[in-house]
2 protein chains.
Amino acid sequence: MSDPAQIGPRIKAVRTERGLTQDQLASAVGVSRSAVAQWETGRAGQVTGNLTRIAQCLDVGVEYLMYGMDKSAEEEVSHGDELALLRLYRECTPDDRQTLLRLARRLRATRPD
Amino acid sequence: MSDPAQIGPRIKAVRTERGLTQDQLASAVGVSRSAVAQWETGRAGQVTGNLTRIAQCLDVGVEYLMYGMDKSAEEEVSHGDELALLRLYRECTPDDRQTLLRLARRLRATRPD
DNA sequence: ACTCCTCGTCAGATTTTATAACCAATCGCG
DNA sequence: CGCGATTGGTTATAAAATCTGACGAGGAGT
């Protein structure tokens, strides 16, 4: 799941994307420039308690640094109407759920391209 | 955001919820029983590279141990049928989406209690 | 009272990590 | 071309962190 050896390159990738030098990230996190270099080159097995600060300074999620992405097996819903639909669906009986799924399939099949 | 001092009690809470002893969690993670006790009593400032293994063994997200909760602003979908519904919904036109939402409301309103 | 189980704490060995220093590559300037 | 500045990789080492095994306390059951 988590690949510690990949955290370093990932930190480097995000840092350069943000246009920061190692010195700048080091100052932001509160460590020496060498520490950042060692993180990025995989010398440090884990970046321990600094992980949260690094994520904050780079404006990226801790789980992104750890796993490379948010959970991929699950889907996130953030649109209000999709949330509403999901909640309504969950409050339906199994039969009604099947009805909704069938209608969704029919509507999708007849949509214009 | 992250409260390192709270990781310990959180580990303990999840462990006891799962009905595990410190010894059992220690065996699962691959450390001594003392290490688990120290994590839970806050002796260790951070639980370093073991955090991922702890989360795996306790069947909980790393971010939950670190922050106490998954992202609260978003909802996660993990059931296959819900994923299917969501995907179908997204492939529909706005008009068809409204149709689905209306039907869902009607079905929810007529469900037996 | 005794035994067992669970867990908190401690001393110490081991491991990890951050620092300062060193060095190399690149680039811009005179 | 030589020089200085900047950036970044690497190393030795001191300091800090972490884990282990041992010890002891409290509770439950017999």
Side-chain angles (χ1 to χ4, degrees), chain A residues 1-70, chain B residues 1-70:
Chain A
M1 182 184 285
S2 168
D3 195 347
Q6 288 303 315
I7 293 183
R10 211 166 282 137
I11 292 177
K12 176 168 183 167
V14 179
R15 175 179 63 80
T16 52
E17 275 169 23
R18 303 282 189 269
L20 295 175
T21 66
Q22 288 182 345
D23 237 332
Q24 288 170 320
L25 177 57
S27 295
V29 174
V31 294
S32 68
R33 204 267 318 161
S34 322
V36 175
Q38 289 180 59
W39 297 341
E40 295 185 354
T41 51
R43 191 163 297 272
Q46 276 287 356
V47 293
T48 72
N50 284 312
L51 198 55
T52 299
R53 285 186 60 79
I54 295 167
Q56 283 176 327
C57 294
L58 291 176
D59 195 22
V60 73
V62 168
E63 56 273 21
Y64 174 75
L65 292 180
M66 294 185 75
Y67 307 113
M69 61 186 70
D70 286 329
Chain B
M1 184 182 284
S2 168
D3 193 349
Q6 288 303 315
I7 293 183
R10 210 167 283 140
I11 291 176
K12 177 167 183 166
V14 179
R15 176 179 63 80
T16 51
E17 276 169 25
R18 304 276 188 272
L20 294 175
T21 66
Q22 287 181 347
D23 236 333
Q24 288 170 322
L25 177 56
S27 296
V29 174
V31 294
S32 67
R33 205 266 317 161
S34 320
V36 175
Q38 289 177 55
W39 298 340
E40 295 184 355
T41 51
R43 188 165 300 273
Q46 275 290 352
V47 293
T48 69
N50 285 313
L51 195 58
T52 301
R53 286 186 61 79
I54 294 167
Q56 282 175 327
C57 296
L58 291 177
D59 195 23
V60 73
V62 167
E63 56 273 19
Y64 174 77
L65 291 180
M66 293 184 75
Y67 308 112
M69 62 188 69
D70 286 328

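To find a chain, count down the sequence lines: A is the first, B the second, and so on, and within it residues start at 1.
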Q: Tell me the interatomic distance from A:Glu40, atom CD, to C:dA18, atom C1', rounded to whole angstroms.
A: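 My rounded result for the distance is 15 Å.
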
Q: Measuring from the side chain of A:Ser32 (C-beta onward, heavy atoms only), which nucleotide among D:dC19, C:dC7, C:dT19 has the closest atom?
A: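 Between D:dC19, C:dC7, C:dT19, the one nearest the side chain of A:Ser32 would be C:dT19.
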
Q: Heavy atoms, side chains only, cut-off 4.5 Å: are A:Arg18 and A:Val60 in contact?
A: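 Yes, their side chains come closer than 4.5 Å.
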
Q: CD1 of B:Ile11 versus C1' of C:dC7: gap in Å, rounded?
A: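 So the two atoms are 15 Å apart, to the nearest Å.
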
Q: Counting only side-chain N and O atoms of A:Lys12, is one of them less than 4.0 Å from OP1 or OP2 of D:dT7?
A: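 The answer is no; no side-chain N or O of A:Lys12 sits under 4.0 Å from OP1 or OP2.
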
Q: Atom CH2 of B:Trp39 and atom P of D:dC19: how far apart are they, to the nearest Å?
A: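 In whole Å, D:dC19 P and B:Trp39 CH2 are 6 Å from each other.
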
Q: Sort me out a list of protein N/O and nucleotides 10-15 of chain D N/O pairs below 3.5 Å, or just none if empty.
A:
unit_1 : atom_1 : unit_2  : atom_2 : d
D:dT11 : OP2    : A:Arg43 : NH2    : 3.2
D:dT11 : O4     : A:Gln38 : NE2    : 3.3

Q: Are A:Tyr64 and A:Leu58 side-chain neighbours, meaning at least one heavy-atom pair lies under 4.5 Å?
A: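 Not touching, per the 4.5 Å side-chain cut-off.
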
Q: For nucleotides 26-30 of chain D, list the nitrogen or oxygen atoms of the protein found under 3.5 Å from its nitrogen or oxygen atoms, one pair per line.
A:
none

Q: Who pairs with A:Ser32 by side chain to side chain contact (heavy atoms under 4.5 Å, CB included), at least two apart in sequence or on another chain?
A: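 Result, side chain to side chain contact (heavy atoms under 4.5 Å, CB included) vs A:Ser32: A:Ser34, A:Ala35.
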
Q: Counting only heavy atoms and a strict 4.0 angstrom limit, can you tell me which residues of residues 19-28 of chain A come near DNA chain D?
A: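 Hits under 4.0 Å, by residue number: A:Thr21, A:Gln22.
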
Q: Below the 4.0 Å mark, does C:dT17 have OP1 or OP2 next to a side-chain nitrogen or oxygen of A:Asn50?
A: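 For C:dT17, neither OP1 nor OP2 has a side-chain N or O of A:Asn50 closer than 4.0 Å.
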
Q: By side chain to side chain contact (heavy atoms under 4.5 Å, CB included), which residues pair with B:Thr21, not counting sequence neighbours?
A: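 Expected list: B:Asp23, B:Gln24.
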
Q: In whole angstroms, how far is the P atom of C:dT16 from the CG atom of B:Leu51?
A: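 Spelled out: CG on B:Leu51 to P on C:dT16 is 17 Å.
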
Q: Among pairs that include at least one residue of residues 31-42 of chain A, which meet salt bridge (Lys or Arg N to Asp or Glu O under 4.0 Å), considering only residues two or more places apart or in two chains?
A: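 Listed once each, the pairs are A:Arg15-A:Glu40.
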
